[in-house]
Amino acid sequence: MNQIAYKQEPAGNEADLPVLQMDGVSKIIKGKAIVNKLSFDIRKGEIVGLLGPNGAEKTTTIRMMTGLIRMSEGDVVVQGHSIRNDFNKAIAHIGAIIENPEFYGHMTGYDNLMQYVRMSDNIAGSRIAEVVELVGLQEAMSKKVSAYSLGMRQRLGIAQALLHSPKLLILDEPTNGLDPAGIREMREYMRRIAEVEGIAILISSHMLAEIEQICHRAVVIQNGSLVTVTSLGGEAQAEDAVSLAIRVDEVAAAVTVIEGKPGVQLVRMDAAHSEVIVNLPDLKVPELVAAFSEAKVGVYRITENKQSLEEDFLKWTGGNRIA
C-alpha cells in the first residue's frame with residue numbers, strides 16, 4: 001500500500017494552468033521504452049480515467065507521476081511545477097492512494113486522521129471535519145477502523161489523501177472489491193470532491209462501465225503508448241453529429257423524408273423492426289422530427305445509436321482485454 005499526501009504550497013498563475021501535464025514521458029529499461037512519450041493533461045475539477053489492457057503500464061505511469069520511480073525522458077508538471085526539476089513543490093499538490101489504504105485498526109477513524117495531521121505541516125485540525133463530510137464518514141469517526149467495511153476504509157483513505165488540500169487526487173482502482181452499493185457511493189463522493197473542492201481526479205480502473213459513468217474523459221494507453229483521449233458523458237455540442245435510431249410506423253415514408261433533408265444521412269433501414277438509422281448534426285434533430293410530423297410519419301421512439309466505452313475500448317486496443 002502506498003499513500004501519498006504532501007503539504008500544499010502556493011504557486012503563481014495557477015488558475016490558468018492544467019493541474020497535471022504529462023509531457024512526452026518515457027520510461028526506458030534495458031534499452032526498451034515500456035512507457036513511450038506519453039502526453040496528456042487534466043484540468044481543475046475534471047475526472048479522468050486511465051485505461052489500458054494487460055501490460056499497458058498504467059501503474060508505471062502513476063508511479064512516475066508521483067515520483068515513486070524516475071522517468072527516463074519528458075516531464076510531469078503539476079500546478080506549474082516540474083516533478084523532475086522542482087519535486088517538492090510539484091508533489092505538494094498531489095494526494096494519492098495506490099493499491100489499498102491501510103490504517104491502525106485499533107484506533108478510531110478520527111484518531112488515524114489526527115495522527116496524520118500531527119505528522120504533517122500546516123494542516124489545521126478543522127480540516128478533518130471538512131474531508132470527513134466530503135466522503136460521508138461523519139457517523140463512523142468514533143468507531144475503530146477494524147470495524148470498518150472495505151468501502152469505509154477506501155473513503156477514509158481518500159479523506160486522508162485530501163487533508164492537505166491537494167490540487168490532484170490519484171486513485172488506483174478505488175472501487176476494487178466493493179459491492180454495487182459501495183461502488184455507487186464511491187462514485188457520488190468522487191463527483192462531490194471534484195465539484196466542491198475543484199480537485200482534478202485521475203482514476204486508474206478496469207471497470208469500464210464505472211469509468212463511463214463518472215469520468216469526463218478517458219485516457220487509453222497500450223504498451224506504454226497513448227492510444228486516444230476521448231470525452232465521456234459530455235453534453236453534445238450544437239455542431240456535433242449524432243447517430244439516431246428512430247422507430248417509425250412507415251419505414252418507406254420515413255426514408256423519403258430523410259432523403260429530402262439536406263445534412264441528414266440515412267445509414268440503414270430495418271423494415272423488420274420498423275427502424276431507420278440516421279446521422280445528422282444535433283441542431284437538425286428538431287427539424288427532422290417536425291418533417292416526420294408534417295409527412296404524417298408516426299415516430300414511436302428515438303434513441304441515440306452509439307457504442308459503449310467497452311466496444312470503443314476493444315476497437316482502440318485491437319480486442320485486448322482491460323486489466
Side-chain angles (χ1 to χ4, degrees), residues 1-9 14 19-20 42-49 66 78-79 91-104 107-145 147-179 181-205 210-211 213-216:
M1 185 278 299
N2 294 296
Q3 285 179 267
I4 303 169
Y6 297 85
K7 179 175 70 67
Q8 179 184 0
E9 294 184 11
E14 292 179 346
V19 175
L20 171 73
I42 306 176
R43 296 191 171 270
K44 179 179 178 180
E46 187 177 33
I47 306 176
V48 173
T66 54
V78 184
Q79 211 54 29
I91 206 67
H93 296 287
I94 297 178
I97 302 177
I98 303 173
E99 300 177 13
N100 295 318
E102 294 180 1
F103 297 96
Y104 298 109
M107 294 168 59
T108 66
Y110 178 84
D111 287 339
N112 270 277
L113 294 183
M114 196 64 215
Q115 180 72 3
Y116 180 82
V117 169
R118 293 190 191 101
M119 295 188 298
S120 306
D121 296 329
N122 299 334
I123 299 179
S126 60
R127 177 65 176 162
I128 292 178
E130 295 174 5
V131 298
V132 166
E133 183 177 358
L134 274 175
V135 300
L137 281 177
Q138 299 96 314
E139 304 300 320
M141 283 295 95
S142 61
K143 297 179 181 179
K144 291 184 178 181
V145 171
Y148 278 23
S149 66
L150 177 58
M152 293 167 67
R153 286 174 179 262
Q154 292 280 54
R155 284 187 276 151
L156 187 64
I158 293 173
Q160 179 171 295
L162 292 174
L163 279 170
H164 68 299
S165 302
K167 300 294 185 182
L168 173 67
L169 179 62
I170 300 174
L171 303 175
D172 187 15
E173 301 288 357
T175 60
N176 196 26
L178 300 184
D179 60 20
I183 291 172
R184 182 174 181 176
E185 285 184 351
M186 186 64 68
R187 184 167 66 234
E188 291 172 353
Y189 292 128
M190 284 188 283
R191 283 177 180 155
R192 185 186 301 174
I193 290 165
E195 292 171 4
V196 173
E197 299 235 326
I199 294 173
I201 303 177
L202 178 70
I203 303 172
S204 173
S205 177
E210 284 305 308
I211 290 293
Q213 287 190 62
I214 190 174
C215 292
H216 299 100

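Any value given below was found using the heavy atoms of this structure, including those in side chains, with hydrogens, waters and symmetry copies removed. The structure displayed is predicted, hence computed values, not measured ones. For the single chain, residues carry numbers from 1 onward in sequence order.
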Test side chain to side chain contact (heavy atoms under 4.5 Å, CB included) on Ile94 and Ile170; report intermediate values, then the result. CA-CA 8 Å; Ile94 297 178; Ile170 300 174; 4.1 Å; yes

Val132 vs Leu113 side-chain heavy atoms within contact, under 4.5 Å: yes

Which atom pair, heavy atoms only, marks the closest approach of Cys215 to Gly49? SG-N, 3.4 Å

Salt bridge (Lys or Arg N to Asp or Glu O under 4.0 Å) against Glu133, all qualifying residues, sequence neighbours excluded: none

Residue pair Gly198 / Lys44: nearest heavy atoms and the distance that separates them: O-CG, 3.0 Å

Let me confirm one number: the CD-CD distance from Gln115 to Gln160, rounded to the nearest 0.5 Å. 10.0 Å

Do Leu202 and Leu169 have side chains that get closer than 4.5 Å, going by heavy atoms? no

Let me confirm one number: the CD1-NZ distance from Ile42 to Lys167, rounded to the nearest 0.5 Å. 15.0 Å

Which atoms form the tightest heavy-atom contact between Gly182 and Asp179, and what is the distance? N-OD1, 2.7 Å

Is the shortest heavy-atom distance from the side chain of Glu197 to the side chain of Leu134 under 4.5 Å? yes

Is atom CD of Gln138 surrounded by more than 12 heavy atoms (other residues, nucleotides or ligands) closer than 6.0 Å? yes

For the side chain of Asn112 and the backbone of Phe103, is there at least one donor-acceptor N/O pair under 3.5 Å apart? no

Looking only at heavy atoms, what is the nearest atom pair of Ile199 and Pro166, with distance? CG1-O, 3.4 Å

Does any non-hydrogen side-chain atom of Leu168 lie less than 4.5 Å from one of Gln79? no

Find out whether Ile91 and Val78 are in side-chain contact, i.e. whether some heavy atom of one side chain is under 4.5 Å from a heavy atom of the other. no

So, do Asp172 and Ser204 sit near enough that their side-chain heavy atoms are less than 4.5 Å apart? yes

Between Gln154 and Thr175, does a side chain to side chain contact (heavy atoms under 4.5 Å, CB included) hold up when you go through it step by step? CA-CA 8 Å; Gln154 292 280 54; Thr175 60; over 6 Å; no

Measure the CE-CE distance between Met119 and Met114 for me, rounded to the nearest 0.5 Å. 11.0 Å

Test your reading of the model: is there a side-chain donor-acceptor pair from Glu46 to the backbone of Ala200, 3.5 Å cut-off? no

Partners of Glu195 by salt bridge (Lys or Arg N to Asp or Glu O under 4.0 Å), sequence neighbours excluded? none

Does Ile123 form a side chain to side chain contact (heavy atoms under 4.5 Å, CB included) with Tyr116? I'd like the steps, not just the answer. CA-CA 9 Å; Ile123 299 179; Tyr116 180 82; 4.0 Å; yes

Give the intermediate values and the outcome of side chain to side chain contact (heavy atoms under 4.5 Å, CB included) for residues Arg127 and Val131. CA-CA 6 Å; Arg127 177 65 176 162; Val131 298; 3.5 Å; yes

At what distance, to the nearest 0.5 angstrom, does CD1 of Ile158 lie from CG of Leu171? 5.0 Å

Does some side-chain heavy atom of Met141 sit less than 4.5 Å from a side-chain heavy atom of Leu156? yes

Under 4.5 Å between any side-chain heavy atoms of Val48 and His216, yes or no? no

Where is the tightest heavy-atom contact between Ala161 and Ala96, given as atom of each residue plus distance? CB-N, 4.1 Å

Apply side-chain contact (heavy atoms from CB on, under 4.5 Å) to Arg153 and list each qualifying residue two or more places apart in sequence or on a separate chain. Val145, Tyr148

For Met152, is there any backbone N or O sitting under 3.5 Å from a side-chain donor or acceptor partner on Ser149? yes

Using every non-hydrogen atom in the two residues, find where Ile214 and Ile47 come nearest and quote the distance to one decimal. O-CD1, 3.8 Å

Which residues share a side-chain contact (heavy atoms from CB on, under 4.5 Å) with Tyr189, sequence neighbours left out: Arg155, Glu185, Arg192

Check side-chain contact (heavy atoms from CB on, under 4.5 Å) between Asp111 and all other residues, then give those that pass, not counting sequence neighbours. Met107, Thr108

Qualifying residues under salt bridge (Lys or Arg N to Asp or Glu O under 4.0 Å), relative to Arg191, sequence neighbours excluded: none

